Amino acid sequence: MIIGYVVGSATTQEANVLLEKKVRSGYYVTLEYDDEKVLGLVTLITTGSPLVDDSLNDIELIQRIKQMGNKIPIYMKAKVKLLCKLDGKLSQPDLPPVAGTPVRLATNEELSTIFSEGTIRIGKLIGSDVEVRIRVNALTRHLAILAATGSGKSNTVAVLSSRLSEVFGSVLIFDYHGEYYESDIKNLNDIEPKINPLNLTPDEFATLLEIRENATIQYRILRRAFKSFLEETREKLKNGNVNYNELNINFRNLILKKVDEVSKNEKRKDSKDEVINKIEDFLDRYSEIIDFTAGDVVDKIKIGKVNVINLSSLDEDAIDAIVSHYLRKILTSRKENKMKRKIGLRFPVLVVIEEAHVLLSKDSNTLTKHWAGRIAREGRKFGVGLIIVSQRPKGIDENILSQMTNKIILKMVEPSDKKYVLETSDNLSEDIVEGLSALDTGEAVIVGNIVRMPAIVKIDKFEGKLAGSDPNLIEEWKRAKEEIEEHSDVLNWGE
Ligand SMILES: Nc1ncnc2c1ncn2[C@@H]1O[C@H](COP(=O)(O)OP(=O)(O)OP(=O)(O)O)[C@@H](O)[C@H]1O
């Protein structure tokens with residue numbers, strides 16, 4: 001169906017089309033010229049009038065035209081980004097279309113050959129029934145899921161991770177807000193956030209305690225105490241002089257005794273006291289995550305599962321320590337397996353890091369940022385892919401964001417976020433980024449190697465409960481009212 005004709009000047013990248021049919025940005029069109037078929041993407045729709053243009057300043061003129069019952073002539077134009085020739089190789093157009101070239105909506109067959117060739121379905125092209133399937137192998141070049149709050153990031157994570165698990169993929173979600181834990185995600189494997197101190201580095205332990213490297217004396221005391229504790233404990237375990245449950249019970253006293261020993265000659269008594277306070281405070285708050293009986297964190301990750309660690313009860317520092325610990329162990333273990341097939345983590349893993357603007361912040365040196373940076377650079381060779389999720393892309397470290405070859409960008413309005421995303425992507429163009437504000441909930445631009453061409457997609461709705469979904473207030477009030485009335489003799493709710 002012809003929707004319009006090319007007008008004015010055009011390039012091999014872009015053309016302007018005078019429309020005779022209504023279309024919306026995000027639709028795909030086909031232009032046939034010079035014996036070629038070229039696929040285009042509508043990126044912007046504008047309207048205007050040859051009679052009533054911007055130069056008109058006399059409101060009475062319009063009123064008189066309207067009173068005479070004459071329709072004001074208007075036109076609608078589309079800016080079309082020329083994507084590729086429909087020649088199988090998807091090569092760039094050699095020549096621009098000339099004025100008068102007819103433009104029609106791309107057919108489902110034309111679109112399916114480009115967008116439906118991947119491994120797992122993620123949704124459908126906007127305004128069409130053409131399903132979009134992404135190429136899973138390209139996820140080792142990492143993925144960023146970016147959007148303003150409430151635009152559909154969690155829904156996308158849930159759909160993507162469920163479907164990856166159905167092709168035996170292994171996904172590990174660091175569930176910052178407890179949205180995926182105990183959700184209806186298929187093949188769910190809930191993992192308790194437990195850490196075995198025997199597997200921790202001194203840096204990770206210091207981070208757990210919120211002792212920063214720039215607190216040099218505290219940091220030195222803690223490192224020495226923790227290293228001495230590890231050496232002594234390993235010796236005792238080897239000789240059978242202690243067991244793991246005793247360590248769980250006595251850890252506080254053992255580590256405080258070590259702090260005492262290593263800080264005997266410290267002049268700064270206040271530093272030692274600060275270290276003791278931090279250990280006491282941490283163990284008061286989080287003793288449940290310390291567990292000497294817990295095995296290696298990597299052993300908890302299952303193949304063909306959506307592995308979810310619920311971090312919602314922890315604060316940022318504890319989350320940073322746990323996430324970085326997992327990232328370090330996963331990368332190291334995959335390297336071991338690459339070197340000697342029989343040991344280490346025997347399958348690739350895709351790791352979802354939510355709140356990436358916090359854990360991978362450009363303004364702070366979290367341990368997670370260090371290890372995520374390592375995986376962003378080295379992970380591809382070892383089958384470790386990052387999927388970072390954020391509603392504040394401008395807060396993400398640019399070295400990491402620029403390594404996210406693939407992007408799923410849902411509605412984004414904030415100009416500085418859009419600018420930052422454009423600057424850190426070499427496969428996004430200004431006109432596509434400009435169109436992000438016009439996306440509805442669940443609609444996304446997908447770019448990178450996971451698709452053959454930029455895809456404007458309505459992501460499938462996750463069928464099932466997610467803890468983070470917007471609550472249905474009316475339903476919840478109705479249910480609560482019924483419960484109160486039912487139990488009014490027993491419960492005095494709502495008084
Ligand atoms: N593809 C979709 N189709 C239909 N509804 C959707 C889609 N994606 C999200 N929604 C709905 O929009 C609401 C917000 O979705 P979601 O929680 O995924 O957004 P979010 O970006 O993760 O929000 P937040 O930043 O608050 O975590 C939910 O009610 C969800 O059901």
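In listed order, ligands and their atoms are each counted from 1. Bear in mind that the values here come from a model prediction, so they are computed numbers and not experimental data. Values reported hereafter were calculated over all heavy atoms of this structure, with side chains retained and with hydrogens, waters and symmetry mates removed.
- Per-residue contacts place Gly442 under 4.0 angstrom from the following atoms of ligand 1 (heavy atoms of the residue considered): 1 (N), 2 (C), 7 (C), 8 (N).
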### Task
Tell me, with the steps shown, if Arg452 and Glu117 meet salt bridge (charged side-chain N to carboxylate O under 4.0 Å, His left out).
CA-CA 9 Å; Arg452 299 179 72 191; Glu117 300 298 298; 5.4 Å; no
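- Between Lys335 and Glu378, at least one side-chain N (NZ, or NE/NH1/NH2) sits under 4.0 Å from a carboxylate O, which counts as a salt bridge.
- With respect to the salt-bridge test (charged N to carboxylate O, under 4.0 angstrom), the residues Lys394 and Glu414 qualify.
- Interatomic distance, Asn337 CG to Phe347 CZ, rounded to the nearest 0.5 Å: 9.5 Å.
- Remark: ligand 1 atoms within the under-4.0 Å shell around heavy atoms of Asn155 are 1 (N), 2 (C), 7 (C), 8 (N), 9 (C), 18 (O).
- Every atom of ligand 1 with a heavy atom of Lys153 under 4.0 Å away is listed here by number and element: 18 (O), 19 (O), 20 (P), 21 (O), 22 (O), 24 (P), 25 (O).
- By the 3.5 Å distance cut-off applied to N or O atoms, Ser154 is counted among the residues near ligand 1.
- Close N/O approach between Thr441 and ligand 1 is not found [any backbone or side-chain N/O within under 3.5 Å].
- Of the N and O atoms on the side chains of Asn196 and Asp291, not one donor lies less than 3.5 Å from an acceptor on the other residue.
- Between Ala147 and ligand 1 there is no heavy-atom distance shorter than 4.0 Å.
- At a heavy-atom cutoff of 4.0 Å, ligand 1 is contacted by the backbone of Asp460 but not by its side chain.
- In this structure, of His177, Arg392, Glu179, Lys461, the residue bringing a heavy atom nearest to atom 6 (C) of ligand 1 is Lys461.
- Side-chain contact, Thr424 with Glu398: no donor N or O sits under 3.5 Å from an acceptor N or O.
- Residue Lys458 places a heavy atom under 4.0 Å from ligand 1.
- For the residue pair Ser429/Asp431, the side-chain donor-acceptor check at 3.5 Å is satisfied.
- Remark: distances from the non-hydrogen atoms of Val157 to ligand 1 are all 4.0 Å or more.
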